[in-house]
Each structure stands twice: as structure tokens, then as C-alpha cells.
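Just so it is clear: chains get the letters A, B, ... in the order the sequence lines come, proteins before strands, and each one is counted from 1.
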Number of protein chains: 2
Amino acid sequence: MKVYTIRDIAEMAGVSVTTVSRVLNHRPDVNQATRKKVEEIIRDCHFVGNSNARGLKQGNEVIGVVIRGRSNPFLSSLAEAILDRADTVPDNFVTEYIDEKDDEFQTAVRMTRQNHVKGLIFVGSLIDDRVRAIKGMDVPMVFTTVNAETAALPRASSIAVDDRAMGRLVAEELLSLGHTRIAVFGSNPVAGDSLAMRFSGFCEAFAERGLTYDKTLYRETRFSYDAGYEVAKVFFEERPDATALFAMSDTVAVGAIRALKDLGRSVPGDVSIVGFDGIDISRFMVPRLTTVEQPVGEIARRSVNLLLDMMEKRAAPRHILVEALFRKRESIAQCSRT
Amino acid sequence: MKVYTIRDIAEMAGVSVTTVSRVLNHRPDVNQATRKKVEEIIRDCHFVGNSNARGLKQGNEVIGVVIRGRSNPFLSSLAEAILDRADTVPDNFVTEYIDEKDDEFQTAVRMTRQNHVKGLIFVGSLIDDRVRAIKGMDVPMVFTTVNAETAALPRASSIAVDDRAMGRLVAEELLSLGHTRIAVFGSNPVAGDSLAMRFSGFCEAFAERGLTYDKTLYRETRFSYDAGYEVAKVFFEERPDATALFAMSDTVAVGAIRALKDLGRSVPGDVSIVGFDGIDISRFMVPRLTTVEQPVGEIARRSVNLLLDMMEKRAAPRHILVEALFRKRESIAQCSRT
DNA sequence: GCCGAAAACGTTACCGTTACCGTTTCCGGA
DNA sequence: TCCGGAAACGGTAACGGTAACGTTTTCGGC
């Protein structure tokens, strides 16, 4: 099973390597008959150009997709959607999947500094360390989350749902069902980031009704089934007065449902629950989970477009908010206590 | 932000490009002092070698990970574990994530025929078309599923749980709880593949007790939440006599739990359910899902090792069975009907 | 002091492809 | 008939590394 080069093909077709290259790259200045013959031979030999040689010569554009928290189904599905989308873009773009583990991230940073990585998309929020590391990197970046610090970077775009509005909407829905003592499980919010916005929108809804949100009902947690379970188990024993929960990640909501069941409390009978993200499983939970569904496909598509625009057309950074959908399902009900 | 080449580094260090290359590749024949100086300059410049150039010269080894059915959390987590593992192997191995979509698969096949892909790992069962396509490809392959046809390929290894034994175990557990009318939701089994083995082990347990499994209780379905929901909804209306379900994928089990709830049947009160795979969510379902947990990490690690052994040491193909764990949880109970 | 081996380093020819310049062929119009 | 230009195609120098091979230097042993 020989591995053919462009030269072999040229020889077999009785043309020069240049002509074969032209055929390969769909350039116009080659005769129809010649093109056809070359294409035929290429097909017969199952010839595929050597991507290293092409990359070396042309200087291909590597774009990195950095993901933090793959155990979160929302983030991993978003990352996959982005990779999928990136693979369909016309030409020599190579996509690199970068886990935000220490060494892998460091390599990515070095490669970026060396101009081998020409663009970055970040999935999931970055920890402070990382933000410091990417400051001063002069490549286009796209964040799928809102963050005041990264938004200030000169070449950073962002695309995310309107967290403030959705946070407010969640509060309004729960308040209108009579809930006032609503637990909120968030995660390590930094001033001006997605989670902080969600929370501030949430509090605004209280303010609009002349109420103030009781911040002793707020807890921090990692976004995973396990963490959600643990924090809920402890919280609802401490605070049996809470009648509802807004979990800023569906994973946490799922863990909390399980924990409440173990505590002998019913959902939504005793506690109403709203999640965030709209992961697949949310439609199949018992009870079906009320959640804010993020448009994964749209975010994926547009984040890649944003990056490409900045890379190719040197477009200015943009900060886009997309529509999320409030999915009202079985996990919330009228408040039964006052 | 200049992008340095090995030549720039050489000039700055006052040595030849070869010496720099030697330092880069940790070769012994270079003086300590020289090495240190070169390394310093490399660090200062954030220099990273051009992978295309290296790949072109050395001919890097590309291994492809082909995945079918990413919507299944088990398969996607297995695929990620494999990619993770593959990224830690010492040297110039490039891992390519290949979705089993038509065009992507075709490209992979072409690249493989062209000897650009030097090894393949398949995650999830292949459809017949694909099996035909990979026949006659002369590269090492590893399957994470059992299949009589692929097992016959001269350079194919496999690693999977002992499906027959686990199928038998599931049946034994349910039989010992008094269940005899047990639905089985499988998927398109081919003689001698994982699913067929599971089913035949399952039937064997019946035979050993002098029973024969009633095959009208068997249904086929895709492995997804949605499909599981749909098939269960229809099935349990048709066959209210079934007292248990063995779903060959946790996703199907999850869908079925939801469907039974909608039909007003309780799990495990009216119907006991056993899944397969051990996806994360299984521990958090209400009720917690009894399942056969596959050792994802071990399968990932060993599949990469198997492939590497075949590629580098030209080791003979091996067919390995690993231990799965029966996780008895809340979704099964004593049968209440006869 | 000389020899020879080993250590340290340099020269240079590739790897497969593309792109810059050519060159050749063909053809319509003056 | 000749000319000019477009269409079609070819020769060859890069791209940035690596490695085979050649050269110089060092140094211990006799």
C-alpha cells in the first residue's frame, strides 16, 4: 500500500506537479480535459495531499477551543457543537481541543504566543489565573460567557445569553407563584460575569416588587451532579424554610432534586426548582426540569463566525446577546407555604 | 510579535540549526553549557517548533478515533477518555476525532488508505456499511465493542466488557426477584456482536432455570433518551403484563422511567428497570438506576495501549474482556405480580 | 608528543506542497 | 501574415524542521 505524493500523480498523468497542485486547489487555469484526467487518477489512487506539507507551505490557521469543566454536559455539548461547526469552515483551519488542565493550557499559551494559534474560543468561565495568562496575548478571542475583565481585552468578542434578563425572568416566575424564600446555587461569581449578571437580574426582580433578596439563601458550588447533591443536602436541612431553588446549572438542579428526594421533600410540592442551560436530560427528569435553555447550536455557529470575522476580515470585536428560552416544566408549582 | 524559527534561535545562540534541533529533541551529543544557553533563548522567545515542518520530515503518526452516536453520554465520555489518554502518549502522535457522519467518515477512509492515518479506534458499534468500508484497510484497529465480523479482521484488536456474562447476570438478578416477563430494549444486534451477546447471555439464564425467554418482549430502539421514551411509551401500553425491563443503554432506561411515570406506573413498584453503561446521571435518577457499569477509564487506557502495541511493536491483535460492575440500586424490586 | 576514539558541533540534502515566474500554444484581429 | 494576449502548463525555490554524514576539538593512554 504505497503512499502517493503529488509527484507520483503528476508522473502518472503526464503533467507537472504544479498542474496537479492546481487541480487540487481548484484553480481556474487548467484545461478541462487535463483536470478530468488528473482527478481520475487522484480518485483511483485514493490520493490525499499531505497536510503537513501544505500547512508548512501555506501557514495554516490553528484555532483553539479551550474548555473548562467537561463533566458538565452543557459545556461539553457546546464545545462539541463548536468543533463541529469549525470543521465545516471552508479552508485550512485546524481546530485544537484544549482542556484547561495545567500543562495543556500552558502549551496552548506558548503556542499562541508563538503565533501558531491564530484564534481562540473559550467555553465555560475561566479561573482568574487563566485570565491573567491570556492578557496581552494578541490574537482574536471569543468568549461564550460574559466577563467584565475579558470583555475589556482589545481583541475579544463574546456571545452569550442575556443572563441578567434571564435571571430576572426566573425570579419573576417564582415570585408570581408565591415563592419568596428562594435559594440560589451559583458558582464563584466575579463582578460582571455571567453568573453575577444572572444573580443581579434575579435580585432586581425582587427589588421591583419592593422586596429584597435574602442573601443568606445563596450558596456556592461547583457545577456537577455530585456537588449539587452535596450542597442541596446540607442546605435544605439548614434552611427548611426555603420553598424554591434557582440552580445556575442544570447539573446542580439534578443533584438537588435527588437530594430533596432523599430528605423526604417533594419537588415541586415542597420545593420548586429551576435550572439553567437546558441539557438533554432536563426533559426526562422526574419531575421534568424547568430551566433556561441556551441555544447551543446558535452560540456554536455564531462564535465560530465571530472568530473568523476577526481573523480574516480583521473585524472589530462584538459583544452579542442571544435569546434564551424559559422552559416551564413540572419542577415548579404554586408555593404552598407563606 | 515575531514568529521565530529554529534558524533564528540558532543565530541568537551562535550555534547551528542542528544543535538547536538536538536540544529540542533532547539528544545526548550536545555540551551542557551550550544546551543551557539554547534552552534559555528558547524560553525567552517562547519558541515552539513548527509541527508541520516536523511532521513533514518525520512522518507523524495519526491515529483516528471514530465515534458513532455522540448523543449517548456513555459513548461520548468514552471517546473523550480515549482522546485524553491518547494525548499523553510520548511522542508525535496526532489524534483525530472522527464523527461517523458520511463525509467525515469517507475522508477518514481515504486518509487511511493513503497511509496518513496509521491506526484507528472505534467507539460504538459500526453500521454494516462502515464495516464493509474498513475491510481490506491494512492498519491496526481497536474496537471497543465486540463484533464477529470485525474480530475476523487480521489487524483488529478489541476490548470490551464480558457482555454475555453481564447479560446473564442481569437476568439472574431479575429472575431471582421473581420477574419472568422481562422486556428487553436492544438495538439492531448483529450475530456475534456485543448486543447479541448480552441478549444471548440473558436468555441463557432463563434456560438454566428451565424457562424460555418470550421473545415477543424484545424491542429494538436507538440509544437515546428520546427513543427510549417513545419505545417504552408504546410498549408498556401494549404489554402491561411486563414487570421488568432490561434496557441495553442507560439512556433508554432513563427515557423509559419517564415514560412509565407518564403512564402512571411506578418504578420499581410496577416495573423494575436495569440499564447498561453506568452513565453519570444514573446515580442521580429518581429512582437511582440499577445498571451495569462499564469501566470507562480502563477501556480508554487499554484501547490506546493495544493500538500502540500493534503500531509500534507490531504486536499481534488481542481480544480482551474487562470486568464490569453490576450496580444494584433503587430501580429494581421484588416482583409483585405473578 | 602522537594517535585514535569519542564528544561536540556544522553542512546540507531532503520531506511534499505551493507560488512565483517563466514558457509554450493557440487564436482572433489588423 | 504577423502580432498580441490569453490560456495552459512547467521549472524551481522556498516553507521549517531533521538526520545523515563530515568536520573539528578534546583528551587519555602509551
Answer yes or no: are there more than 12 heavy-atom neighbours, outside [X] itself, under 6.0 Å from its atom [atom1]?
| X | atom1 | result |
| --- | --- | --- |
| B:Glu11 | CD | no |
| B:Arg222 | CZ | no |
| B:Glu149 | CD | no |

Sub-3.5 Å donor-acceptor pair from the side chain of A:Asp8 to the main-chain atoms of A:Thr5, do we have one? yes

Under 3.5 Å, which N/O atoms of the protein pair with N/O atoms of nucleotides 7-16 of chain C?
from, atom 1, to, atom 2, distance (Å)
C:dC9, OP1, B:Thr34, OG1, 2.4
C:dC9, OP2, B:Asn31, N, 2.7
C:dC9, OP2, B:Thr34, OG1, 3.4
C:dG10, OP1, B:Ser16, N, 3.3
C:dG10, OP2, B:Ser16, N, 2.7
C:dG10, OP2, B:Ser16, OG, 2.8
C:dG10, OP2, B:Thr19, OG1, 2.7
C:dG10, N7, B:Arg22, NH2, 3.0
C:dG10, O6, B:Arg22, NH1, 3.4
C:dG10, O6, B:Arg22, NH2, 3.3
C:dT11, O4, B:Thr18, OG1, 2.6
C:dC14, O2, B:Lys57, NZ, 2.8

Close aromatic pair by centroid cut-off 6.0 Å: A:Phe122 and A:Phe143: yes

Presence of B:Ser21 side-chain N/O under 4.0 Å of D:dG17 phosphate oxygens OP1/OP2: no

Quick one: B:Ile9 CD1 to D:dT18 C1', roughly how many Å, whole number? 16 Å

